[in-house]
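Below, all heavy atoms of this structure are taken into account, side chains as well, without hydrogens, waters or symmetry copies. Just follow the structure's listing: the first ligand is 1, and inside any ligand the first atom is 1. It should be emphasised that the depicted structure is a prediction, and the values quoted were computed from it without experimental measurement.
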Amino acid sequence: MKNILIIGATGQIGSELTMRLRKEYPQGTVVAGYIKGAEPKGELLESGPAEEVDITNTDQIAGAIDKYKIDTIYNLAALLSAVAEARPQLAWKIGVGGLFNCLEISREKGCALFTPSSIGSFGTDTPKYNTPQDTLQRPSTIYGVTKVTGEMLSDYYARRFGVDTRSVRFPGLISYVAPPGGGTTDYAVDIYYSAVKGETFECPLEPGTFMDMMYMPDALRAAIEIMEADPSKLIHRNSFNIASMSFDPQILYNKIKEYVPDFKMTYKLDPLRQAIADSWPDKLDDTCAREEWGWKPEYDLDAMTRDMLEHLRKKLLAPATT
Ligand code: AKB
């Protein structure tokens, strides 16, 4: 992996993954692909090349690949679960139409392709606890439908055309850098902002709503390690269960309260997000990722909470400079 194109480089994962890959491959080129209205700024813009690459525009994708001799694509374009319910056609156009464009171009130009799947690819029929790698996937959301379709299409292109497609099923991702926007697991990011700002947090999900979550540094490492994995050891490709922690809102609140004793939380249910969360697993079994490419998370809830609070305090409470 030398010359990499990130599609969706200014989003929650993309903005951090682009910077991480630029550090990881200093001798290569890591191109930040963005859409109009979401142009890169600051360090992201200054530390490497950027190109307008809309996933629905094949000329833009192919143009960037030729210009920078790209050998690996990270396809991070997607509408997250709650927002996709309001715009199902657009969710399909980006999630499936966009992936199809990436697969075809990867086949033509010999690129490897990473496209994340999600805990959202599972549904109510799936075993909820220790969800196996290979199991029923009948999601009830359009987000989940696009993710299962994406897993199958990516495996098809690997089998039929030899395209090097790989993927992980991301849990809810927690970070202090860029906000998520439109997901069901977003509460687990928002709660830290409220704690640091001294606000009461209104939780949109009921106590007892367990979901897998992961701290961003582990998620970035997973995205890089799966693409570096020895292909002869991979029994699966699209997509691997990965896990690091599972909690409900009350456990997360209690953990933050250990470090912010005055912090208060109330519950104000969002029925859409609650229904989506109820249809997802409580906790995935990631044995296959551990065995096939050595996946191992570094952060648990306590380590993540300490790191989140420390960075958010710096970000939100630092005195303004003139
Ligand atoms: C969402 O909540 O939609 C995402 C996800 C789990 O894929 N964070």
**Prompt:** Where does the angle between the aromatic ring planes of Tyr299 and Tyr215 fall among parallel (under 30°), tilted (30 to 60°) and perpendicular (over 60°)?
**Reply:** perpendicular
**Request:** Just jot down the ligand 1 atoms closer than 4.0 angstrom to any heavy atom of Ser118, in number order.
**Result:** 5 (C), 6 (C), 7 (O)
**Message:** Need the ligand 1 atom indices (1-based, order shown) with element for anything under 4.0 Å from a heavy-atom of Trp280.
**Reply:** 1 (C), 2 (O), 3 (O), 6 (C)
**Asked** Relative to each other, are the rings of Tyr176 and His311 parallel, tilted or perpendicular (30° and 60° limits)?
**Response** parallel
**Prompt:** Backbone or side chain, does any N or O of Thr185 fall under 3.5 Å from an N or O of ligand 1?
**Reply:** yes
**Asked** Which ILVMFWY residues can you reach from Tyr129 by hopping between side chains whose heavy atoms are under 4.5 Å apart?
**Response** none
**Message:** One residue to check: Ile119. Relative to ligand 1, which of side chain, backbone, both or neither has a non-hydrogen atom less than 4.0 Å away?
**Reply:** side chain
**Spacing of CD1 belonging to Ile256 relative to CZ belonging to Arg306, to within rounding of 0.5 Å** = 13.5 Å
**Prompt:** Identify the closest protein heavy atom to atom 3 (O) of ligand 1: which residue and atom is it, and at what distance?
**Reply:** Ser81 OG, 2.6 Å
**For Gly183, the ligand 1 atoms whose distance to one of its heavy atoms is below 4.0 Å** = 1 (C), 2 (O), 3 (O)
**Item:** Heteroatom distance test (Tyr143, ligand 1): nitrogen or oxygen, under 3.5 angstrom
**Value:** yes
**Message:** Would you compute the distance between atom NZ of Lys67 and atom CG of Leu5 and round it to the nearest 0.5 angstrom?
**Reply:** 11.5 Å
**Residue and atom name of the nearest protein heavy atom (relative to atom 2 (O) of ligand 1), distance in Å to one decimal** = Thr184 N, 2.7 Å
**Prompt:** OG/Ser167 to CE/Met227 distance, rounded to the nearest 0.5 angstrom?
**Reply:** 9.5 Å
